[in-house]
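What follows is a short report on a single structure.
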Amino acid sequence: MSTAVLTDRQRVAVQAYLRLLYTVRAAFDGPSDPHRPPVVPTAALAEADRALAEAGLAGTEEEFFRLLGGWCP
């Protein structure tokens, strides 16, 4: 399997996605509280959306996950 060489924008998109993934995981890993459901910060979602769009990866999930898998297996 060859290693993908990412552009700077693609790398930023992958990093933003991973931060979002870790944020979501942390939100759901904590103790459940029926009075306060886990919330993902709007800023984390916006950062990932912006980075994906700037890298030309918005709407190209297959390409993005190929890059993600090559960079961070």
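Because only heavy atoms are used, hydrogens play no part in the values below, and waters and symmetry mates are left out as well, while side chains stay in. Note that the structure is predicted; figures quoted are calculated from it, not measured.
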Gln15 CD to Gln10 CD distance, which is reported to the nearest 0.5 Å: 12.0 Å
In one Ile/Leu/Val/Met/Phe/Trp/Tyr side-chain cluster, 4.5 Å: Leu21, Val12: no
Nearest heavy-atom neighbours spanning Arg9 and Glu54: CD-O, 3.1 Å
Non-hydrogen atoms of Ala51 and Ala16 that approach each other most closely: CB-CB, 3.9 Å
